[in-house]
Amino acid sequence: MRESEDLLVIIRHAPHDSNWLREGLDAALVGAAFGQSVRLLFMGQGALALCREQQAGAPGQKASLPTIDMLEMYDIDQLNVPQRVLDDLKLPLEALVDGVTPLSERQVKALFSQNRPILNF
Amino acid sequence: MRESEDLLVIIRHAPHDSNWLREGLDAALVGAAFGQSVRLLFMGQGALALCREQQAGAPGQKASLPTIDMLEMYDIDQLNVPQRVLDDLKLPLEALVDGVTPLSERQVKALFSQNRPILNF
Amino acid sequence: MDYGLLVMGAPYSQPAPHSALRFAHAVLARGHRLVGVFFYHDGVHNASMLMTPPQDELNLRDAWKALHKEHDVALDVCIAAALRRGVISQSEASRHGHDAFNLEAPFELTGLGQLLTLQQRCDRLITFAS
Amino acid sequence: MDYGLLVMGAPYSQPAPHSALRFAHAVLARGHRLVGVFFYHDGVHNASMLMTPPQDELNLRDAWKALHKEHDVALDVCIAAALRRGVISQSEASRHGHDAFNLEAPFELTGLGQLLTLQQRCDRLITFAS
Amino acid sequence: MILHILTTPPTSEVPRQVEQAIQAGDTLLLTEAGVTATLDPDLHCWTQNDYAVFLLEEDLVARGLSSIAATHGLSTVDMDGFVALTEQHLQSVTWY
Amino acid sequence: MILHILTTPPTSEVPRQVEQAIQAGDTLLLTEAGVTATLDPDLHCWTQNDYAVFLLEEDLVARGLSSIAATHGLSTVDMDGFVALTEQHLQSVTWY
């Protein structure tokens with residue numbers, strides 16, 4: 001056991017492409033339910049999880065947007081995405097849900113602290 | 001049923017990273033056993049399947065080099081790899097098994113014919 | 001035309017089987033015949049009777065089974081790929097000393113040769129993978 | 001030190017469980033304690049009793065089981081991830097109307113909270129994925 | 001003419017493989033994660049004139065990218081159109 | 001100091017994510033398909049001086065790349081050394 005900061009959950013997979021997004025969000029929700037303060041960082045394709053117009057997918061694929069919308073109820077209000085990811089993907093901030101905070105390169109690196117538990121999905 | 005040229009099996013996955021390589025080679029071997037003339041094209045990471053010094057992997061991961069060596073017994077002697085793949089990966093031809101033929105961009109495109117059955121792994 | 005599908009992704013983990021199922025219905029809706037679906041690589045998990053998605057989600061295996069029932073689509077599963085991934089029929093299970101099994105008709109364990117046969121006898125073979 | 005492992009890849013299809021098993025033995029060889037392994041995502045397939053690799057290949061489930069037996073390593077499997085992928089215990093199987101099951105002790109179906117507990121109580125949590 | 005079905009995003013190494021295989025007169029259909037190519041109109045597949053490119057509408061809608069595709073004036077097909085493309089091409093190759 | 005474990009080849013999009021997270025003083029361990037970085041000594045991870053980089057020897061041997069790693073003078077650790085690295089770093093992140 002060690003003294004720890006808030007839990008960092010990294011989401012790097014897009015909706016519908018796999019179950020990574022959903023299972024990553026589940027881990028964040030369970031962390032919050034366990035009383036941990038949770039911060040979400042969306043990297044790479046994971047930023048697409050924040051697209052405000054996304055829908056349910058093919059038969060058997062559930063929408064993940066309702067889970068994103070539910071995060072605030074669990075006090076997960078830190079939805080971070082590196083500005084560089086938005087630039088790389090050419091993803092306009094206006095296409096994303098409300099409450100997303102873009103981070104500078106320095107701010108992203110600052111999230112990676114050895115005292116912070118991290119789960120990378 | 002349609003008149004067909006020889007079967008093209010494309011291998012795009014490296015040894016040990018998944019079962020794609022093995023299952024792709026199995027398809028080539030079964031094609032040959034069924035009397036089809038089989039041509040193998042190694043693209044992307046798949047070119048690493050040809051490294052002559054490769055070994056067995058972690059516990060439970062079998063070596064795939066013996067299967068590569070076995071191909072000739074099934075009359076699969078067309079082991080093709082785009083020269084561009086070797087350049088991209090900086091993979092020297094000397095590091096590969098014998099009998100590999102590098103192909104020019106034009107030669108690669110010529111392999112993709114609508115009358116040729118193709119399986120892409 | 002006669003169509004065959006090659007499915008190489010696992011339900012819920014990979015989009016391939018979901019896309020394939022959607023495509024299958026569109027093929028039939030356009031008046032074509034869907035001869036068979038061959039499950040290879042992680043696609044063998046589509047055949048598992050033990051798949052238990054949450055109640056508000058589609059059970060992919062049941063969806064394939066319905067396709068077989070309504071349109072006589074063969075559901076062939078590569079035996080080598082299935083066995084190493086823990087998908088096994090009753091007869092194979094008893095041959096390998098397992099008490100249980102998780103694959104039954106209309107899914108059939110077959111050799112990889114069946115894939116090549118499907119490719120040869122169909123006008124179109126469409127692959128859905130990962 | 002106390003170590004925990006998070007395994008999120010399926011045997012034979014993905015290198016993660018093979019690497020994890022090798023790492024587990026190295027951890028023990030260096031005198032550490034391996035508290036538990038948590039199987040999530042496609043890693044739940046490691047627990048399948050029906051896994052039937054060719055005879056000249058290691059059975060990964062048996063290898064994990066041996067690790068439990070010899071070193072008292074807990075083998076926890078995320079229940080939500082397992083059920084949708086067709087990995088299920090006897091009690092869950094009967095609850096969901098299945099005649100068969102493919103997960104038994106020493107593997108245990110547990111909630112995702114067990115992962116967070118493992119992370120909190122171990123000095124190190126190492127992830128092996130895909 | 002071959003129908004190439006690309007299921008991975010522009011950031012993966014797979015589109016590079018498709019470029020090596022595709023020829024003038026072929027058709028490229030972007031499905032699943034492949035539809036994220038919508039975001040970048042400067043990608044090679046949008047700027048070349050050798051082959052037609054379509055996006056699978058269902059996958060575009062699922063990912064919330066259809067209004068961006070419309071803004072960029074990109075062509076889409078629905079699942080019925082996907083089947084029609086397979087009718088028109090003797091051979092298809094799926095890149096994943 | 002964090003131990004970053006990278007399991008994907010240089011052609012994937014994942015090394016780019018690692019670059020965004022890794023800091024001076026961290027350590028990068030290349031495992032599984034990550035060891036194919038061996039082939040290209042011009043990659044950023046080999047030319048930078050901010051953090052140490054190791055290749056997992058077992059994975060290098062399995063892929064037949066150890067003589068190339070030796071030629072390029074790259075540092076390797078065996079599985080025991082991998083555990084030692086996790087001892088020395090409070091936190092690890094696996095990139096896959």
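Remember, it's a predicted structure, so these values are computed and weren't measured experimentally. Chain identifiers are assigned alphabetically (A, B, ...) following the order of the sequence lines, protein sequences preceding nucleic acid strands; residue numbering begins at 1 within each chain.
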Do A/N115 and F/Q91 make a side-chain contact, defined as non-hydrogen atoms from C-beta onward lying under 4.5 Å apart?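 No. Closest side-chain heavy atoms not under 4.5 Å.
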ask   = Is A/Q114 reaching over with its side chain to a backbone N or O of F/M1, donor-acceptor style, under 3.5 angstrom?
value =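 Between the backbone of F/M1 and the side chain of A/Q114 there is a qualifying donor-acceptor contact (under 3.5 Å).
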- Query: Do any N or O atoms from the side chain of A/R12 and from the backbone of F/Y96 form a donor-acceptor pair under 3.5 angstrom?
  - Reply: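 Such a contact is found between A/R12 side chain and F/Y96 backbone.
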### Query
For chain A, which residues from residues 67-81 of chain F have at least one heavy atom closer than 4.5 Å to it?
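Within residues 67-81 of chain F, no residue comes under 4.5 Å of chain A, counting heavy atoms only.
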Notebook entry, point to check: Among residues 20-42 of chain F, which ones touch chain A with a heavy-atom distance under 4.5 Å?
Noted result: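 Checking residues 20-42 of chain F against chain A gives F/Q20, F/A21, F/I22, F/Q23.
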**Message:** If you compare all heavy atoms of A/N120 against all heavy atoms of F/T94, which two are closest, and at what distance to 0.1 Å?
**Reply:**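 Taking every non-hydrogen atom into account, ND2-O, 2.9 Å.
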Counting heavy atoms not belonging to A/Q107, are there more than 12 under 6.0 Å from its CD?
->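 Enclosed: over 12 neighbouring heavy atoms sit under 6.0 Å from CD of A/Q107.
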* Asked: Got a sec: does the CD of F/Q48 have more than 12 other heavy atoms crowding it under 6.0 Å?
  ->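 Atom CD in F/Q48 is packed in, count exceeds 12.
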Pair F/R16, A/D88 - check side-chain contact (heavy atoms from CB on, under 4.5 Å), show working. CA-CA 11 Å; F/R16 203 170 161 78; A/D88 285 353; 2.7 Å; yes
